[in-house]
*Asks:* 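Attaching a single structure in structure tokens format; questions to follow.
Keep in mind the model is a prediction, meaning the values are calculated, not measured.
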Amino acid sequence: MGRCSQGEGELDPMKPWKTRKDRLWWAAAISSLLVLGASCGHDFTLEDQARTSLTPVRTELSYFKDAHGRYLFLHGVNVSGSSKFPASFEPVSYVGKPFPLEDADRNFQTLRALGFNVIRLVMTWESVEHAGPGIYDTQYLDYIERVVAKANEYGIYCLMDMHQDLFSRHMAQLFNDGTDIPALDDPADVRRAEGCVLGRDTEGRPIHPNNIVRGDGAPMWVVALCLPEKDVGGDFWGLPLSCAQGEASTSAFFPFSLWGINIFLSLDVNRSFATFFAGRDIYPNYTVPGDGRNVQDYLQDHFTGAWRQVARRVAPYPNVIGYDILNEPSGFYILFSLYSIFWTEARSAPGGVLTEQRFGEVLDGYMNELRAQGVTQDAVTRLKRVLLANDVLPRSAREITASGFVPEAAASPYRPDPAAGVGLSVHFNRRYLQPFHEKVGRAILEEDPDAVFFLELALGSNETGVDGMMASPMLRPAGLTQIAYAPHWYTDIYPDFGENVPPREFTVEEKFFRDYRPGIETAIESSTFSLGNPPTVMGEFGTYFNFGGIDQSMAEDYVVSSVVLDRYYEAYEEMMLHRIQWCYSPENTAANGEGWNKEDFSVLGPDQEPRSALAYSRPYARYLSGKPVSAHFYSDFHYYDPDQYVPDPRREFEVVYKTKETESPTEVFVPPVQYPAGFYVYVSDGHCVYDHRRFILYHYPERRDPHTIHFLRLRPPYPDYGDSDWNYFFQGDRMIRKKP
């Protein structure tokens with residue numbers, strides 16, 4: 001057992017209680033100590049330690065600190081990819097996403113056993129405000145609050161994430177995936193599919209759409225305001241143009257397996273983001289009917305209101321570690337800018353039609369401008385090739401008008417300002433995203449004064465210019481005193497370009513020697529470039545689990561996916577970088593993955609059991625009593641270069657940290673999947689205690705001289721290791737301590 005004195009410096013009942021969140025945690029801590037005093041004098045039990053470990057979190061320089069003064073390290077998972085679409089469609093409800101409340105205990109037990117100490121809890125704007133402007137789904141808000149409360153019971157932090165991809169799930173296109181397995185879950189999409197014939201099979205039977213590629217995020221009423229001339233949600237919405245009644249009746253969207261291509265190929269996606277972020281500049285005359293506010297202000301005010309409702313519910317809970325205001329906002333307005341340029345050119349061209357020569361000159365001029373802004377030549381070349389291959393660029397004023405980009409009526413309030421459209425992508429983060437974060441952040445702070453904001457930058461925006469020149473990056477948003485930087489980074493795992501493309505095929509040899517650190521360093525560069533070096537968390541990363549097809553991947557025990565994940569984690573450990581993997585989904589199936597665009601990232605497989613756990617269920621220091629120095633873990637997928645007579649250090653974990661800044665212990669998660677036969681502990685000083693029910697090893701260091709270096713090392717039993725310098729051996733509730 002530990003000692004009561006371990007918390008005496010921190011558990012001060014006279015400390016000011018700034019928020020209800022503080023009061024809840026302090027009440028639990030003091031209750032634990034009262035029980036201790038009555039039952040065991042000065043002993044501090046493992047149950048009490050677990051009860052008081054999770055506290056409100058603050059930022060300090062580039063670190064997270066808990067209320068005990070310990071350095072917090074985040075090892076988490078996104079929950080869940082299946083939360084991108086509703087639990088029911090008629091009526092719309094997200095109650096039960098990511099899992100029904102009756103399954104919450106089972107899922108949090110699994111998450112805790114895998115070692116995750118934080119979940120990024122995926123919500124959408126639609127989940128909160130789907131019924132109409134200002135009409136909030138109180139049942140969903142009740143549900144989300146109960147999920148957060150349940151996570152708190154299991155000692156798991158929650159990062160609240162307002163998610164979006166491609167703006168909205170109402171940005172979509174139906175298609176046929178060539179299988180007999182229907183994958184349409186919205187009855188409205190089923191009805192649309194039944195009326196659309198894409199062709200006939202060899203038996204002469206009609207071929208209907210049976211699947212869908214879609215986005216997620218904003219409610220339908222928001223999309224309708226962004227695309228006012230279109231029949232959003234109508235009888236033909238989301239159907240291929242061949243089944244629709246003109247461009248105004250369906251969405252400009254492509255059913256690509258690599259769905260993200262729509263960020264710059266879908267004019268409707270470009271227009272929606274432009275309206276939301278830059279409506280005052282792009283549509284200065286567009287005021288919402290019956291309201292009077294410019295469309296940008298109207299939409300952002302409602303988005304802010306949705307966040308306020310969420311924050312009001314969850315702010316009191318000490319395990320709410322922060323708020324991720326908007327997932328992967330788009331700063332990629334290639335099509336919007338090109339349409340603005342082509343409109344200016346075409347309306348003054350003879351007959352309103354550009355010659356092929358002039359079309360090429362205009363396109364090349366814009367590509368050269370992208371290059372001057374810092375976009376690589378390779379990226380510019382590939383972008384131009386994709387634009388031309390998919391024939392998404394207009395040649396005439398008539399095409400532009402038919403698309404809805406410029407309404408026919410010259411006095412229409414929906415006519416965009418072409419000059420503003422041309423420069424929309426330039427310095428987008430500074431001009432549009434930073435004030436957006438400030439606006440939403442202020443509202444959240446009114447509900448949660450101690451809020452930590454996890455900031456993402458816009459996709460496609462170049463923050464650093466060319467060698468730092470011509471850069472105008474986003475700065476730390478004014479008024480948000482506690483921030484973390486939370487970029488996302490995925491390496492070469494996505495399907496190839498095209499429609500209904502099968503999963504990639506990789507071998508272990510292709511992935512085994514990859515070094516992901518250079519890519520990660522580029523992804524996190526803005527943290528020190530312009531944001532002031534706050535704590536940095538890789539908010540999303542991960543890998544597919546169906547390489548070569550799900551059957552082959554399962555037969556190989558997901559070995560390729562395991563190797564990819566191990567390369568990620570070894571880089572993160574070397575950099576001591578916080579990480580939150582994508583994703584955990586109890587809805588995963590062999591046919592459709594998480595159920596959204598056939599993505600198959602879930603650490604739970606189709607059998608609802610963890611897969612590749614040896615790669616991500618790793619030992620790590622959840623809390624450190626002193627400043628972190630280094631850490632490593634060598635999994636079964638590590639590349640071992642053996643030394644003669646020395647066994648490979650398989651499953652060796654080590655963490656090193658400086659001095660002792662608090663009386664509260666260092667906590668190390670010890671994964672049961674890695675050490676089924678127990679583990680040896682090597683420690684620099686002090687003593688250790690193991691909680692075998694929660695798989696937590698506590699280290700109570702003794703020395704606090706400023707030059708002291710502490711270490712803790714774990715190794716599984718090696719029959720031939722010949723190393724007798726260990727201090728402890730633990731196996732379940734069994735402990736052997738070597739005498740000094």
Side-chain angles (χ1 to χ4, degrees), residues 75-85 87 96-100 102-116 119-122 154 156 177 179 181-183 185 211 257 259 490-491 493-495 501-508 511 540-569 579-618 635-637 671-674 676 695:
H75 172 78
V77 67
N78 285 263
V79 181
S80 108
S82 304
S83 299
K84 295 181 178 184
F85 55 94
K97 293 299 184 85
F99 37 69
E102 57 265 27
D103 296 336
D105 283 300
R106 175 172 56 82
N107 281 288
F108 280 116
Q109 287 166 6
T110 300
L111 288 161
R112 186 171 68 180
L114 291 172
F116 297 120
I119 62 170
R120 183 168 176 252
L121 187 53
V122 175
Y154 284 86
I156 294 175
D177 63 15
T179 72
I181 303 172
D185 38 22
N211 209 329
S257 300
W259 51 266
Y490 294 88
T491 188
I493 59 172
Y494 282 103
V501 175
R504 299 280 294 274
E505 294 198 26
F506 292 114
T507 66
V508 169
K511 297 294 186 179
E540 279 188 31
F541 68 97
T543 189
Y544 275 93
F545 282 91
N546 60 356
F547 294 129
I550 188 63
D551 292 335
Q552 176 181 324
S553 189
M554 292 174 69
E556 296 174 349
D557 197 22
Y558 304 104
V559 62
V560 174
S561 301
S562 298
V563 169
V564 171
L565 288 172
D566 191 69
R567 297 297 87 84
Y568 277 119
Y569 279 104
R579 64 280 178 121
I580 307 178
Q581 186 176 332
W582 187 272
C583 64
Y584 174 101
S585 174
E587 296 184 32
N588 185 272
T589 67
N592 286 303
E594 285 85 69
W596 185 84
N597 296 350
K598 294 188 174 182
E599 287 205 335
D600 194 6
F601 282 90
S602 175
V603 298
L604 291 185
D607 57 1
Q608 305 311 303
E609 294 295 326
R611 50 186 178 179
S612 291
L614 288 173
Y616 57 79
S617 187
R618 306 164 79 90
S635 80
D636 289 1
F637 308 103
V673 70
Q674 303 286 357
F695 319 113

*Asks:* Test your reading of the model: is there a side-chain donor-acceptor pair from Lys97 to the backbone of Ser82, 3.5 Å cut-off?
*Replies:* yes
*Asks:* With side chains defined as the heavy atoms from C-beta onward, is the minimum distance between Phe601 and Ile493 less than 4.5 Å?
*Replies:* yes
*Asks:* Sequence neighbours left out, cut at 3.5 Å: what donor-acceptor pairs do the side chains of residues 540-548 make with other protein atoms?
*Replies:*
{"from": "Glu540", "atom 1": "OE1", "to": "Tyr490", "atom 2": "OH", "distance (Å)": "2.6"}
{"from": "Glu540", "atom 1": "OE2", "to": "Arg120", "atom 2": "NH1", "distance (Å)": "2.9"}

*Asks:* Roughly how far, to the nearest 0.5 Å, is OG of Ser612 from CD of Gln581?
*Replies:* 9.0 Å
*Asks:* What distance separates Asp177 CG from Asn592 CG, expressed to the nearest 0.5 Å?
*Replies:* 7.5 Å
*Asks:* Which residues pass the salt bridge (charged side-chain N to carboxylate O under 4.0 Å, His left out) test with Arg611, sequence neighbours left out?
*Replies:* Asp600
*Asks:* Can you give me the closest heavy-atom contact between Pro606 and Tyr558, atom names plus distance?
*Replies:* CD-OH, 3.9 Å
*Asks:* Nearest 0.5 Å, what's the CG-OG1 distance between Asp105 and Thr110?
*Replies:* 10.5 Å
*Asks:* Kindly compute the distance separating CG (Leu565) from NZ (Lys511), expressed to the nearest 0.5 Å.
*Replies:* 11.0 Å
*Asks:* With side chains defined as the heavy atoms from C-beta onward, is the minimum distance between Glu556 and Val508 less than 4.5 Å?
*Replies:* no
*Asks:* Is there a side-chain contact between Leu111 and Tyr154 (heavy atoms, below 4.5 Å)?
*Replies:* no
*Asks:* Please find the pair of heavy atoms, one from Pro502 and one from Pro495, that lie closest to each other, and give the distance.
*Replies:* O-CB, 4.4 Å
*Asks:* For a quick test of reading the model, state the closest non-hydrogen atom pair linking Asn588 to Gln608 and the distance between them.
*Replies:* O-NE2, 3.0 Å
*Asks:* Write down the atom of Ile580, the atom of Asn78, and the distance for their closest heavy-atom approach.
*Replies:* O-ND2, 3.3 Å
*Asks:* Show the nearest heavy-atom pair for residues Leu114 and Ala613, with the distance to one decimal.
*Replies:* CD2-CB, 4.4 Å
*Asks:* Verify, without hydrogens or angle tests, whether Ser80 (side chain) and Ser585 (backbone) share a donor-acceptor contact under 3.5 angstrom.
*Replies:* no
*Asks:* Run the ring-centre check on Phe108 versus Phe99 and record whether the distance is less than 6.0 Å.
*Replies:* yes
*Asks:* Would you compute the distance between atom CZ of Arg112 and atom CD of Gln109 and round it to the nearest 0.5 angstrom?
*Replies:* 7.0 Å
*Asks:* I'd like to know if the side chain of Tyr568 reaches the main chain of Thr491, judged simply by a donor and an acceptor atom lying under 3.5 Å from each other, with no hydrogens or angles considered.
*Replies:* yes
*Asks:* Measure the OG-OH distance between Ser635 and Tyr616 for me, rounded to the nearest 0.5 Å.
*Replies:* 13.0 Å
*Asks:* Under a 4.5 Å cut-off applied to non-hydrogen side-chain atoms, are Trp259 and Trp596 in contact?
*Replies:* yes
*Asks:* With heavy-atom distances below 4.5 Å as the criterion, would you say the side chains of Leu604 and Pro610 are in contact?
*Replies:* yes
*Asks:* Grab the two heavy atoms, one from Leu614 and one from Asp636, that are nearest each other, plus how far apart they are.
*Replies:* CD1-OD2, 3.8 Å
*Asks:* When you measure from the side chain of Glu599 to the backbone of Gly593, do you find a donor-acceptor pair of N or O atoms at a distance under 3.5 Å?
*Replies:* no
